Amino acid sequence: MLLVLLVVVVLNFLMLHLAPGDIADTIAQTMGGADEQDMAELRKQYGLDQPFFIQLFNYVVRVALLDFGHSHFYNLPVFDLIMERFPATLLLVFSAQILSLFVGILLGVYAAQNPNGLSSLFVNMFSLFGYAAPVFWTGILLLIAFSLHIPIFPVSGMRDITIESGNFFVHFFDVLRHLFLPMITLASIFFAYYSRLCRASMLEVLGADFVRTAKAKGLSKKDVLLKHALKNSLSPVITFAGLSFSAVVSGAILVETVYSWPGLGTLAFNSIISRDTPVLLGILIFSTLMVTVGNLLTDLTLKALDPRIKI
Amino acid sequence: MNKHFLKTLLLTATLIFTSLGVSFAEPKKGGTLIAAVGNSPRHLNPAVQSGIVTGFPGAQLFATPIRYDNNWEPQPYLAESWEISDGGKTVRLNLVKDAVFHDGVPIKSSDVKFSLETIKKNHPFKTMFAPVVSVETPDEHTAILKLSSPHPALMLAMSSQLMAIIPEHVYGDGQDPKTHPQNSENVVGSGPFKLVEFKSGEHIILERFDDFFIDGRPYLDKMVLKIIKDPATRTIGLENGEIDFYAFENVARNIVRLKKNDNLTVTPDGYAAIGPIDWLAFNTKTGKTADVNVRRAIAYAIDRNFILKAIMLGVADEARTGIHPGSPFYEPNVEPYNLDIDKANKILDDAGYKKGSDGMRFGLTVDFGWPGLKPNAEYTKAALKKIGIDVTVRASADFPTWAKTVSNHNFDLTWDTVFNWGDPVIGVHRTYQTSNIKKGVIWSNTQQYSNPKVDAIMEKAGVENDMDKRKALYSELQKMLANDLPVYWTNTLPYHTIYSKKVGNPPMGIWATSSPMDMTYIKD
């Protein structure tokens with residue numbers, strides 16, 4: 001685990017260092033220009049005048065001491081910046097993942113009951129549309145539909161700043177209202193994966209001997225589907241959900257940018273544009289941890305579903 | 001009082017208020033203005049950070065000695081009056097006597113001295129206060145600026161976001177002002193609004209400063225600046241009424257779309273001093289573009305009208321020189337380089353660049369500084385093919401990549417947008433001065449253009465106090481530059497302000513939102 005983290009840190013540092021330009025260029029851009037002396041001072045201030053290996057060594061040592069450094073752009077500790085935005089991303093990513101799993105499985109089960117029927121075709125078309133459409137385009141379409149023409153959801157942010165008072169439920173529903181469109185947008189990519197995987201898995205399980213036995217014992221169709229077939233067909237879906245957790249996190253970058261959702265995605269986007277290397281490296285380390293935790297949760301869920309699995 | 005006198009009085013009042021950009025509707029106190037900003041500022045202290053992103057909140061938080069009306073006339077602000085003497089080498093500022101900072105501490109002349117010295121040392125625009133050698137403070141409300149030479153640009157440099165008066169008792173604590181923690185939190189200024197909350201990448205909340213030194217102002221109770229990066233999202237927010245105000249919109253299709261909305265006002269007014277100009281810069285030192293004939297041929301082959309009508313969809317203005325058309329120094333009577341393919345071909349033929357069997361003479365590269373200029377770069381490829389120049393469009397991954405390429409002079413042609421920043425001394429000279437050819441520094445003289453006569457005119461214009469003589473010098477400068485053509489200027493960047501009809505008195509001076517919005521209000 002530690003070795004993986006070290007490799008991640010070194011590779012990320014190397015890749016970011018290879019990109020042309022640096023934070024001094026970005027600061028010059030935001031300031032409308034800077035003279036030679038200012039640029040040299042900025043590079044010195046951020047340690048960019050040091051040789052590459054010294055910069056790398058210093059960074060690895062700092063990370064080992066749980067110091068993620070200081071943001072060049074925001075002039076704030078990286079850890080504080082990440083922690084400030086982490087809850088928003090966590091909320092978006094988990095709600096989108098749960099929604100896509102729930103809807104995906106539902107559609108998969110529905111389609112598997114009549115695999116060659118019109119309903120199955122509709123499910124396939126719907127999920128493939130979600131998969132094929134660029135996520136930022138889906139986001140804009142939803143905004144035009146549900147913020148402009150039917151104005152029921154806000155266009156940006158995570159909360160209405162003008163709401164100053166109100167009890168917990170006022171704020172809770174405010175966040176929920178802001179979350180709805182970004183969550184649907186992010187989840188739309190994964191409907192296709194989960195529904196098609198669930199459909200294929202269900203078709204395989206529905207043809208198995210134990211399902212035939214259950215039917216022969218006179219169990220209702222609902223019991224056969226939900227208690228026997230679904231439970232046994234979920235393993236590949238859950239496994240894939242765990243593996244695709246990293247894709248959900250990266251998808252969040254685009255979704256957060258479209259909806260100005262104040263999470264790690266917008267921070268990552270800003271940091272890429274502004275060459276804020278310490279923040280970007282911090283986010284990458286956090287993402288690695290998030291994906292690792294996501295995989296662990298997947299393993300635990302699989303064990304809960306199938307006690308034969310050993311972790 | 002006779003009728004004639006009353007009429008004169010009324011007319012005078014009308015002219016004064018109109019020039020200040022004030023409408024005659026009675027401003028209403030209270031209300032919250034929801035504005036959008038397209039980027040997150042690094043911090044909120046314009047004394048050590050330039051740029052329009054910091055300028056918007058910065059001009060609300062920090063007052064400057066003077067402000068400007070929309071006729072380019074200086075008006076009292078933190079300085080209730082001023083006197084210029086000694087041939088422009090002494091400027092005396094008489095400060096408002098009861099002005100206080102947001103923490104209640106009175107504003108003194110020593111704060112003006114401290115602010116100017118901090119800006120001079122830390123702000124990127126070094127030319128703003130370069131001739132200021134000292135600031136004398138004979139009493140708490142008088143600051144006397146002593147200059148080594150006359151510096152007419154000083155007045156504009158003391159306005160807008162350029163000379164924020166920062167409190168010495170806060171920023172003079174020994175910490176580096178560029179990274180001072182109170183640049184982002186607990187900001188102490190003296191502007192019409194004080195900071196409630198700044199969440200980078202999310203929002204900036206400002207509230208009315210009750211002890212603002214202009215009685216009865218500001219009218220608004222609160223300003224919420226939502227940071228929304230995506231232009232489509234901002235547009236939808238304006239259309240559905242979630243956002244009341246957005247300045248610096250430059251996406252032509254959004255401007256055209258929003259102009260059709262009856263609930264919104266869309267105007268290009270207010271950006272004359274910011275002065276953004278789109279241009280095609282040439283490498284005048286190396287490669288084929290070092291030859292002025294090649295540069296002229298390229299200018300004749302590029303149809304400025306196509307850019308204005310097809311790319312900018314008619315929302316941008318023509319710019320024939322490097323000085324913004326809204327500036328009093330703009331000289332439109334220069335060689336316009338109207339489209340003339342035959343002339344362009346003849347220039348190249350005469351200069352010895354013969355077409356090969358494939359119809360091409362030579363190849364060039366074209367870069368662009370930001371994604372909005374990509375259509376210009378693509379058009380350049382098509383346009384120059386007609387005169388036998390094979391252009392390769394080079395797309396940079398992002399700004400730092402482009403900046404590295406251009407500032408190290410590794411380019412033939414590049415599209416860019418550069419700001420005037422009020423006076424030519426601040427934002428124009430830097431592009432053409434021989435002394436400003438600085439490798440690795442973007443927005444220096446990256447064209448490596450050098451003409452001793454041009455340098456001499458700029459030096460003379462920079463210290464000329466007589467406005468008419470100064471205008472004549474800049475007129476000559478623009479004609480010389482149009483002849484040498486280190487840059488082919490095409491159009492203004494179509495900055496527009498978009499605001500809901502319920503917003504009264506939006507900032508329509510010369511500095512857009514880089515000026516205080518103490519007169520803005522929400523209508524009933």
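None of the values given here were measured: they were computed from a predicted structure.
- Here the NZ atom belonging to B:Lys222 is positioned 8.0 Å from the OG1 atom belonging to A:Thr162, to the nearest 0.5 angstrom.
- Between the OG1 atom of B:Thr179 and the CG atom of A:Leu76 there is a distance of 11.0 Å, given to the nearest 0.5 Å.
- By the 6.0 Å contact criterion, CZ on A:Phe129 is open, its count of non-hydrogen atoms from other residues, nucleotides or ligands being 12 or less.
- Counting heavy atoms from C-beta on, the side chains of A:Tyr74 and B:Ser40 come closer than 4.5 Å.
- Taking CD1 from B:Ile236 and CD1 from A:Ile140, the interatomic distance works out to 5.5 Å, rounded to the nearest 0.5 Å.
- By the 4.5 Å heavy-atom criterion applied to side chains, A:His72 and B:Arg42 are not counted as neighbours.
- Taking NZ from B:Lys199 and CD from A:Glu84, the interatomic distance works out to 5.0 Å, rounded to the nearest 0.5 Å.
- The CZ atom of A:Phe153 lies 13.0 Å from the CG atom of B:Asn240; values are rounded to the nearest 0.5 Å.
- For the set A:Gly139, A:Gly157, A:Pro154, the entry with the most heavy-atom pairs within less than 4.5 Å of chain B is A:Pro154.
- In this structure, the side chain to side chain contact (heavy atoms under 4.5 Å, CB included) partners of B:Leu195, at least two apart in sequence or on a different chain, are B:Leu44, B:Leu61, B:Val187, B:Phe198, B:Ile204, B:Leu206.
- The shortest distance between side-chain heavy atoms of B:Asp398 and A:Arg275 falls below 4.5 Å.
- With chain A as partner, the option from B:Asp176, B:Thr233, B:Ile34 having the largest number of non-hydrogen pairs under 4.5 angstrom is B:Thr233.
- Checking B:Lys229 against A:Asn270 by side-chain atom types alone, a donor-acceptor pair falls below 3.5 Å.
- Surrounding CD of B:Glu197 are more than 12 heavy atoms belonging to other residues, nucleotides or ligands, all under 6.0 Å away.
- The distance from atom OG of A:Ser156 to atom CD1 of B:Ile243, rounded to the nearest 0.5 Å, is 5.5 Å.
- In the displayed structure, A:Arg177 atom CZ is contacted under 6.0 Å by more than 12 heavy atoms of other residues, nucleotides or ligands.
- Using a 4.5 Å cut-off between heavy atoms, B:His43 makes no contact with chain A at all.
- Heavy atoms closer than 4.5 Å to chain A are found nowhere in B:Ser444, neither backbone nor side chain.
- Note on A:Pro151, A:Ser147, A:Ser71: by heavy-atom pairs under 4.5 Å with chain B, the leading option is A:Ser147.
- Within the 4.5 Å cutoff, the side chain of B:Lys226 has heavy atoms near those of the A:Ile161 side chain.
- Every residue two or more places apart in sequence or in another chain that forms a side chain to side chain donor-acceptor pair (under 3.5 Å) with B:Asn45 is listed here: B:Asn183.
- By the side chain to side chain contact (heavy atoms under 4.5 Å, CB included) test, A:Leu66 is found to be paired with no residue, residues two or more places apart in sequence or in another chain being considered.
- Heavy atoms of A:Phe136 lying under 4.5 Å from chain B are absent altogether.
- A side-chain donor-acceptor contact under 3.5 Å links B:Glu242 to the backbone of A:Val155.
- Residue-level contacts of residues 255-268 of chain A with chain B, in order of numbering, are A:Thr257, A:Val258, A:Ser260, A:Pro262; threshold 4.5 Å between heavy atoms.
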